[in-house]
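Down below is the structure, laid out as structure tokens.
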Amino acid sequence: MLTLPPCIAHRGTRVLAPENTMAAFRTAHQQGLSWLECDLQLTRDGEVVIFHDETLERTTNGVGKLSDWDSDKLAKLDAGGWFKDIFRSERIPTLTQLLLFAKVSHMGINFELKPAGASTDMLVMKVLEALVLNPMPPEHVLFSSFAMPALTLLRHYDANVQLGVLYDKWDKSWRETASCLRASAVICNHRLLTPRRVQAIHEAGFLSLAYTVNRLSRFDRLRSWGVDAIFIDDPRMLTR
Ligand code: G3P
Ligand code: MG
């Protein structure tokens, strides 16, 4: 069973450091957060890397689709200068780099799979392979995706992984979908949630997670409805 903290560092601490970089993950740890969320994609030559957008322009000095790049060239891009000059040396992390960090930091990780332009099957296989080589305690790992084929494949290849079904729009068949996948969590855009929906998610036997909240009043309200864990960009929100 998953034991999640109230806060999960979304893409690391993306208001304090460039999102989905090792700097962001280290900052999350330094700020006292015990879980982080990151986005996983596949390069053209089959390396799993941590990256959010389908294209490189917003958060690197590269151009075009990530899935059209090979890992050696991608590894040379500046993934932090767009955020602040002092982060120019940040690179797009590989999943393996993050798993090595998890080993020493003991952080729990929500891996969000984004198949984007790549093969879903290959992404799932490579992610599971990486975890075999660098294992994490099972209770520290939650996989999620908006892409149902990715979740279905994860469940097909591993009967025991913890899955979270992601929703950006309310879907009336959430209960059936989450049950079929034997998911642990239903993860919603926080705007979709109401006290009744949170209660229904719990009554159906799932954890209720919400993304992404950057206002303390909203955070407190969701927690008062019983939301189990909330994705946040800025941990300082909690101490102001
Ligand atoms: O997993 C929660 C959240 O990360 C989903 O949206 O676009 O930030 O990956 P996005
Ligand atoms: Mg994400």
Side-chain angles (χ1 to χ4, degrees), residues 1-21 23-40 50-53 58-59 82-84 107-114 139-147 151 162-175 177-178 183-240:
M1 187 59 187
L2 280 178
T3 43
L4 293 171
C7 305
I8 297 176
H10 182 237
R11 305 183 206 170
T13 40
R14 77 187 189 110
V15 301
L16 300 175
E19 65 183 55
N20 279 329
T21 62
F25 303 139
R26 276 193 302 271
T27 306
H29 184 53
Q30 285 157 6
Q31 293 281 324
L33 290 162
S34 57
W35 270 72
L36 63 88
E37 183 264 0
C38 66
D39 305 289
L40 301 182
I50 320 282
F51 202 75
H52 181 269
D53 295 2
R58 183 178 64 87
T59 58
W82 66 277
F83 183 83
K84 252 185 208 166
M107 287 189 85
I109 305 183
N110 171 204
F111 297 105
E112 184 195 335
L113 275 68
K114 289 192 188 289
E139 69 277 13
H140 282 185
V141 180
L142 172 66
F143 294 103
S144 64
S145 190
F146 288 107
L151 295 174
Q162 311 262 7
L163 300 179
V165 191
L166 269 170
Y167 290 109
D168 201 36
K169 290 198 183 87
W170 190 247
D171 178 345
K172 282 187 185 147
S173 54
W174 64 268
R175 199 183 273 104
T177 305
S184 305
V186 175
I187 310 175
C188 297
N189 182 318
H190 74 93
R191 293 183 185 88
L192 303 179
L193 289 175
T194 61
R196 192 175 285 190
R197 285 179 177 175
V198 174
Q199 192 184 351
I201 290 168
H202 284 156
E203 281 173 4
F206 307 109
L207 295 171
S208 167
L209 275 61
Y211 67 91
T212 301
V213 176
N214 289 312
R215 253 189 320 120
L216 187 57
S217 56
R218 182 65 180 161
F219 180 90
D220 287 341
R221 173 159 296 189
L222 289 161
R223 289 287 289 165
S224 76
W225 297 345
V227 173
D228 299 283
I230 300 171
F231 297 78
I232 62 169
D233 289 324
D234 187 357
R236 297 170 308 176
M237 170 186 82
L238 302 164
T239 48
R240 274 191 191 123

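All heavy atoms count here, side chains included; hydrogens, waters and symmetry mates do not.
Between the side chain of T13 and the backbone N or O of A24, at least one donor-acceptor pair lies under 3.5 Å. Under a 3.5 Å cut-off, the side chain of W35 and the backbone N or O of I8 do not form any donor-acceptor pair. Looking at D233, its side chain never comes within 3.5 Å of a backbone N or O of V15 through a donor-acceptor pair. At least one donor-acceptor pair under 3.5 Å links the side chain of R218 to the backbone N or O of H190. Put simply, the side chain of R223 gets close to the backbone of V227: a donor and an acceptor are under 3.5 Å apart. For the pair S145 (side chain) and L113 (backbone), a donor-acceptor distance under 3.5 Å is present. D228 places no side-chain N or O within 3.5 Å of a backbone atom of L209 that could act as its donor or acceptor partner.
Atom CD1 of I201 is separated from atom CZ of R175 by 9.0 Å, given to the nearest 0.5 angstrom. Distance check: R191 CZ to T212 OG1 gives 9.0 Å after rounding to the nearest 0.5 Å. Between N214 atom CG and H10 atom NE2 the span is 9.0 Å, to the nearest 0.5 Å. The line from OG1 of T21 to CZ of F83 is 8.5 Å long, rounded to the nearest 0.5 Å. Rounded to the nearest 0.5 Å, atoms CG (L4) and CD1 (I230) are 11.5 Å apart. For the atom pair CH2 of W225 and NE2 of H202, the computed distance is 13.0 Å after rounding to the nearest 0.5 Å.
Between C38 and I109 there is a side-chain heavy-atom pair separated by less than 4.5 Å. In this structure, F25 and M107 have side chains that are not in contact, with every pair of non-hydrogen atoms separated by 4.5 Å or more. Counting heavy atoms from C-beta outward, L40 and I50 have side chains that approach closer than 4.5 Å. Contact annotation: the side chain of T59 never approaches that of H52 to less than 4.5 Å [non-hydrogen atoms, C-beta and beyond]. Here the side chains of F51 and K114 are not in contact, with every heavy-atom distance at 4.5 Å or above.
Within 6.0 Å of CZ on R58 lie more than 12 heavy atoms contributed by other residues, nucleotides or ligands. Heavy-atom neighbours of R236 CZ from other residues, nucleotides or ligands within 6.0 Å: above the threshold of 12.
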Margin query: Run Q31 and L16 through side-chain contact (heavy atoms from CB on, under 4.5 Å) and show every step you take.
Written below: CA-CA 10 Å; Q31 293 281 324; L16 300 175; 3.9 Å; yes
Open item on the list: side-chain contact (heavy atoms from CB on, under 4.5 Å), that's the test. Do V141 and Q162 meet it? Break it down for me.
Closed with: CA-CA 7 Å; V141 180; Q162 311 262 7; over 6 Å; no
(message) The test is side-chain contact (heavy atoms from CB on, under 4.5 Å); show your working for D168 and Y211 and say whether it passes.
(response) CA-CA 9 Å; D168 201 36; Y211 67 91; 2.9 Å; yes
- prompt: Could you go step by step and tell me if V165 and F206 meet the side-chain contact (heavy atoms from CB on, under 4.5 Å) rule?
  reply: CA-CA 10 Å; V165 191; F206 307 109; over 6 Å; no
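When all heavy atoms of L238 and C7 are compared, the closest pair comes out as CD1-SG, 3.3 Å. Taking each heavy atom of T177 and Y167 in turn, the nearest pair found is CB-OH, 3.6 Å. Here the shortest heavy-atom pairing between V186 and W174 reads CG2-CE3, 4.0 Å. Here the closest non-hydrogen pair linking P235 and L33 is CB-CD1, 3.8 Å. The shortest heavy-atom contact between L193 and S208 is CD1-OG, 4.2 Å. Nearest approach of S144 to N110, heavy atoms of both residues: OG-ND2, 3.1 Å.
Between R196 and T194, the side chains place no donor N or O within less than 3.5 Å of an acceptor N or O (distance only, hydrogens not considered).
A salt bridge is absent between R14 and E37; no separation between the charged side-chain nitrogens and carboxylate oxygens falls under 4.0 Å.
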